[in-house]
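Read the numbers this way: they start at 1 and go in the same order the structure lists the ligands and their atoms.
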Amino acid sequence: MNHITGDTSVAEIVKVCPGARRIFDEHGLKGCGGDHGPSEPLEFFAAVHQANLDELLREINTEMANPTAQAYVYKETLQDYIYRRFFKAGVAIVLTVGCLWGAINLLQIGLGKSFLQLRLLSSIHAHAHAMIFGWVGMFVMGFAYQSFPRFKNTTLWRPELANLSFYLLGTGIVAGMLADMLLPALASFVLGAVSGLFEITAVVIFMLVLYRTARQSIEPHNPYEKFIASSFVWFLLGTILEAVFFFAKATAHSEHGLIMRIALVDGPLRDIQLLGFAALIIAGVSQRFVPHVYGLGKSVHNRQTLIFWLINGSLVLNIISYVLLLTTHNFYFAIGLELAYLLMPLWAVLLAVQIGVFRRPTQPDRTFKFVRASYVWLMIACGVMPFFPLYGALTHQVFVHTYMGSHRHAFTVGFISMMILGVSSRVVPILAGIDAKQMNSLWAPFVLFNVGCAGRVLLQVLTDFVPNVAYPLIGFTGFIELTALLWWGIELWRTMNVAKTGRTKLLTAPFPLPAR
Ligand code: HEM
């Protein structure tokens, strides 16, 4: 190859000019793509790493003309592959104690024809614990440890501490689930304390590692970073409150006391974890990642700061109004709550517009449909919230559990999980050095996931009107979602294994891969 252009893949360049790897490393490639480098074109690399394409071309052509004498030796280190253990743990958790258990719970709800069955409370809370920390937490931490140093053009600070946070988080999740299931046994108190301590330590280590990594970087601060920083603050708060929630339940003296405590803590806790931690990290990463990776261009108006304050402001207003309304029954706080709900669709729409998810991508990819659908689900989930009080008034209920459950599922599965599916399926092949164009289109899991989610969201509300039709059907929706996750999860796992074993042709690899 005599001439390199923006269309030449990074892998081809590294093949003919191994010394170019040093140049790529300086722009943040590091271990991406394994020893061969990613199959993405140079132009894509420059866009994602925010490097100047012409300068890159000039540097590579100089290296080709006068190769550096010292040979480049590629060696994979912990910071290059740490993401794999987080992602694999996330896949394993979502397929077992996450979605499978959730689906079993839903089937029991369908059979018992009620969402308010006290006997299911422990397993629903254990499922929620596993999903927040083991699904969202594992993917967010794995992604951040892998990509944040590359976004900031530096190396991960103390990778062994990052590794420790993995084991602390994993142990904390198992202990927390057991604690919920064993209540009111004495052992559950010990497990609850272990869970809280381990998870809080894991999150503190995670924040410290990323903070010190950012401080090593000489890159200027970027507006998207404030979304990520505030997301981590909510993550820590949500982790502390999760432990408080457990002990509030464990020490309740009566069934009425238990229900009152759940009513007080559960709403703010889930809002902190979902609208604070998850929404802000997705908003931050989307702004840094989505427009560049899919070629969506720049938005005409930059409303990053407004969106940032709307997300955080509506969440704070929501929590304060909710707690004060519940404790004082003062009508004024209902107005504050409604205002917080009204702000939710506003920030959702502004965020989607800011990222440009409805513009035509110039770098189309099989995963873009997940990202776009995720934002559609975000707008649906946030769009229904202003009508929550009205729905309660029309159906003569003070707090409509079914309506809130529908909103939550649209948010957790439609928005958060859809985004995890899309982003992981975009990133992992790049890290494994596999050309994603040769891979499965993922249409089947995409359709199944949307059908399952839409079915659940609609049927949960319909249980208020046609319970005899909606309850028998709702039990199936969890298993439709599980099938979709299984399909996606097997592909992602295989791709990560290919990354581990060096470049092999993914499409000719045996399926399932033999156990090693
Ligand atoms: C993928 C299929 C899933 C199924 C079948 C499922 C099933 C369920 C069921 C049956 C409930 C109780 C619903 C209610 O009382 O209204 C529930 C609650 C919950 N789920 Fe899931 N879920 C799934 C995914 C997720 C995901 C991906 C997350 C997090 C990202 C999540 C987090 C939660 C939370 C936070 C609650 C509320 C728990 C509480 O009341 O405190 N779920 N889920």
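For the pair Gln273 and ligand 1, no heavy-atom separation below 4.0 Å is found.
Listed by number with element, the atoms of ligand 1 under 4.0 Å from a non-hydrogen atom of Leu106 are 10 (C). Short contacts between ligand 1 and Gln460, defined as distances under 4.0 Å to a heavy atom of the residue, involve ligand atoms 16 (O). Remark: ligand 1 atoms within the under-4.0 Å shell around heavy atoms of Ile109 are 10 (C). If you number the atoms of ligand 1 from 1 as listed, the ones under 4.0 Å from a heavy atom of Val136 come out as 30 (C).
Classification of Asp180 and Lys249 as a salt-bridged pair holds, one side-chain N sitting under 4.0 Å from a carboxylate O. For the pair Glu225 and Lys152, the salt-bridge criterion is met [side-chain N within less than 4.0 Å of a carboxylate O].
The aromatic rings of Phe247 and Phe189 lie tilted to each other, with the angle between the two planes from 30° to 60°. Note on ring orientation: taking the six-membered ring where Trp is involved, the planes of Trp488 and Phe139 are tilted (angle from 30° to 60°). Ring geometry for Phe399 versus Tyr322: interplanar angle over 60°, hence perpendicular rather than tilted (30 to 60°).
Regarding atom 4 (C) of ligand 1, its nearest protein heavy-atom neighbour is His409 CE1, 3.9 Å. In terms of protein heavy-atom proximity, atom 39 (C) of ligand 1 is closest to Asp266 OD1, 3.4 Å. Scanning all protein heavy atoms for the shortest distance to atom 37 (C) of ligand 1 gives Arg408 NH1, 3.9 Å. If you check which protein heavy atom lies closest to atom 1 (C) of ligand 1, you get Cys99 SG, 3.2 Å. The protein atom (non-hydrogen) at minimum distance from atom 42 (N) of ligand 1 is His127 NE2, 3.1 Å. If you check which protein heavy atom lies closest to atom 36 (C) of ligand 1, you get Ala128 CB, 3.9 Å. Counting only heavy atoms of the protein, atom 27 (C) of ligand 1 lies nearest to Ser417 OG, 3.1 Å. The closest protein non-hydrogen atom to atom 25 (C) of ligand 1 is Met131 CE, 3.6 Å.
Cation-pi geometry between Arg288 and Phe151 is met: the NZ or CZ atom falls under 6.0 Å from the ring centre, inside 45° of the normal. By the 6.0 Å and 45° rule, Lys226 does not stack over the aromatic ring of Tyr224.
Closest heavy-atom approach to atom 14 (C) of ligand 1 within the set Arg456, His401, Met404: this belongs to His401.
Ligand 1 has no N or O atom lying under 3.5 Å from any N or O atom of Trp135, backbone or side chain.
For the 3.5 Å distance criterion, the side chains of Thr395 and Asp464 fail to qualify, holding no donor opposite an acceptor. Side-chain N/O atoms of Thr96 and Trp101 include no donor and acceptor closer than 3.5 Å.
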